[in-house]
Amino acid sequence: MAMNLTRRNFLKAASIAAASVPLSKVTAKAQSGVVKAPLVTPGTFKNTQNAVGGVCEMCFWRCQMVGKIRDGRLIKLEGNPKSIDNGVSLCARGNAGVKMLYDPDRLKYPLKNVGKRGAPQWQRISWDEALDTCAQKLKAIIDQYGAKGLAMFPHGSAARYPSDFLKQTVGITSVSEPSFFQCRGIRDTAYIATIDTPPDENVDMANAKVIFLVGSHLGENIHVSHTKRFVKGLQNGAKLVVVDPRYSASAAKSDIWVQIRPGTDTAFLLAIMNYLIENKKYNVDFVDEHGEGFEEMAEGIKQWTLEKAALECDVPATQIKEVADLLAANMPHVSIHPGRFVAWHGNDFQRLRASACLTGVLGAYGVKGSFVKPVSPKGFGSVKWPKTAHNDEPLHVMQDKYPFSPPGVPTELIRDAALTGQPYPIKGCVLWGHNAIQTLPNQAKTIKMLEQMDFVMCVDIMPTDITMFADILLPDCSYLECANQLKYGTQWDLSAEQQQYITARMPLVAPGFERKDSVWVTNEIAKRMGYGDKIPVQSEQEFNDKVLAGVGLSLAKLKEEGGIHLQPGKDPYGVKEDFTVKFFSDDLEDADFPPIPTYIPVERAPEGYYRLLFGRSPVHTFNRTQNNAWLMAENDSNPVWVNDKVAERLGLKNGDKVALVNQDGVKSRTTTTVKVTPGIRTDCVYMYHGFGSMNPELTTGAGKGVDCQSLITKLTVDPETGGSGMRNNFVKLVKVS
Ligand code: SF4
């Protein structure tokens, strides 16, 4: 693992950072008395106070933290010792939240673009002017085109409240979240179609006999409690099978590494199931009790012999058999990980269906070491914007095309509607915490979509590539300055004493400059748009208190309890009597999709090109952390992994500088270096995602490494869900002298 951020280095860096920025520069607004006081309790550290109730959002795992505050400044973050989830641990990114908080490049004031979209010239304006402009422009679009003339791209905790306002009360439905359509939504709907519930990534790896990962690179993709489960499972002797074209951090720990041809994973899974069924090595009792349509599936996948799959997947038949036998010998205590970022090739719904079905074939649901859904606390209150008649607008026409779509509208349908005016024009766009340039495929199309808008509004904590296209840009509070998140769950090791926890985000420090939280911003815009009487809460704190009241808690009580409330948990093991695995799905058949898991081949790399694969750096959350000086000090570029034989053929050496050119002739704006390795197949290359930002306002991150998203111009839409398959793009490498 390429992570070398020690606790000591962080402490040292934190002190230097704290000493080097004058207080007046950062907290001018706080000193004026305009903003809220932080919730700080006395601590035991010399000259510091502990602020409890921190909930990290450097990624979306939401580890629980305490902050060390000195002279009103946050100097260090630590895991909350009371946490039964992440405990006292934070990952490198979690620690580096301090650096994000005081990043001098952060957005500080409302800004108006007096230049062009994409080449902005920013003029500082007052909040009143900013809010008046946003409300007036949004209202003008609604008056002319109806609520359907607006689209929203939200991301993260801060975006929930405004998203609810726009959906429920204003009545827009063109809302597309990257976490659904470019990440995990396909997984959720594939599992819902198979077992009626979305998966929990926290499969019981800590107690598994076999951990089976298809493409998941745990160890590079770090979520603290998740990683703890994985590591404990390995420490306990679980066998690890990793299916990945690349020798990932997980593959390096594996007992069996299946170096599969990208895009063929479904064929691999079908062959395993077929072998287990034909050789009566499956979990007959479980299938008899909980299976539906098993015979139909068994018949339908008969063609997938080991030999046929071996040819398709480019792996030895003996290895597929070895994996199948290992799973059978250890069933049902097998953790088949459902993955997180699963929008790969446009055939992903079927792959995830195959994963869920293989789990059923092994009976690996609800037993120790398998797919287990921990029993989380229930009974929370709810805060919703009221629904209005606008919701009767016939916008579901768009969604009906993809009946297994995750919540929201597939991104492609929104972009197409905006560009063609069909089935209706979309002329206004709200981007809240969503860097659509670095997230969506085909950047040129996103830019064209924005260019034809009458109004583009962005809210974010940092300048990003998308904020360059805003007309009005508003400075959001970060997760350390606001109270916009509830987090609850169970202890990380499911076999330990059963406990549940409830926590809610509390600000560790007051917002600096003129940053405002999303409840305040939304309410102010709502008032100006004429929805003042519909506002459900006046503040984030009131929001959290109302939700917590449902379980007999409040922010004040949580604070008294050290930021986290603990209560006895429930046994997570076992499945309900009516739990069903739909090996054959009537719903899919009725919608004209394959009713049993089906392999759909993907295009192979043209001669001279290599499939572009991408994933996570262990010290970054894609583009989100790209301006963080501590994290960039550890990893400031994304070298391209090239197979050693390919490199030799191309005359490339380790460290050579290259540009990448894709199948459509799009060339990377910047260059990177080559990492020559036998640890990647000859038909693909790999790099970390999120690098190569183009916004010059990111003084640490701009232009570092290559923006691989800029090379993803071809999109293969997943037919059942509308998800974005982005790994069918191919590149060649051009040496730069
Ligand atoms: S895994 Fe790391 S970045 Fe993600 S929430 Fe936890 S500490 Fe923060």
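When a ligand or atom number is given, it counts from 1 through the structure's own listing order.
The residue Thr621 has no part lying near ligand 1, judged by heavy-atom distances below 4.0 Å. Under 4.0 angstrom from ligand 1, there are no non-hydrogen atoms of Met65.
If you check the side chains of Gln709 and Gln438, you find no donor sitting under 3.5 Å from an acceptor.
Of all protein heavy atoms, the one closest to atom 4 (Fe) of ligand 1 is Cys59 SG, 2.2 Å. Among all protein heavy atoms, the one lying closest to atom 6 (Fe) of ligand 1 is Cys63 SG, 2.3 Å. Atom 2 (Fe) of ligand 1 has Cys91 SG, 2.3 Å as its closest protein atom, hydrogens excluded (heavy atom only).
Atoms of ligand 1 found under 4.0 Å from any heavy atom of His223 (numbered from 1 in listed order, with element): 1 (S). Those atoms of ligand 1 with a heavy atom of Arg62 less than 4.0 angstrom away are 5 (S).
Counting heavy atoms from C-beta on, the side chains of Glu201 and Arg187 come closer than 4.5 Å.
The residues Arg106 and Glu481 are annotated as salt-bridged, a charged nitrogen and a carboxylate oxygen being separated by less than 4.0 angstrom.
Shown here for Pro406 and Thr721, the closest heavy-atom pair between the two residues is CD-O, 3.6 Å.
Between Phe614 and Phe341, the distance separating the two ring centers is shorter than 6.0 angstrom.
Summarising the local packing, NZ of Lys239 is surrounded by 12 or fewer heavy atoms from other residues, nucleotides or ligands at distances under 6.0 Å.
Residue contact annotation: Cys56 places an N/O/S atom under 2.8 Å from atom 8 (Fe) of ligand 1.
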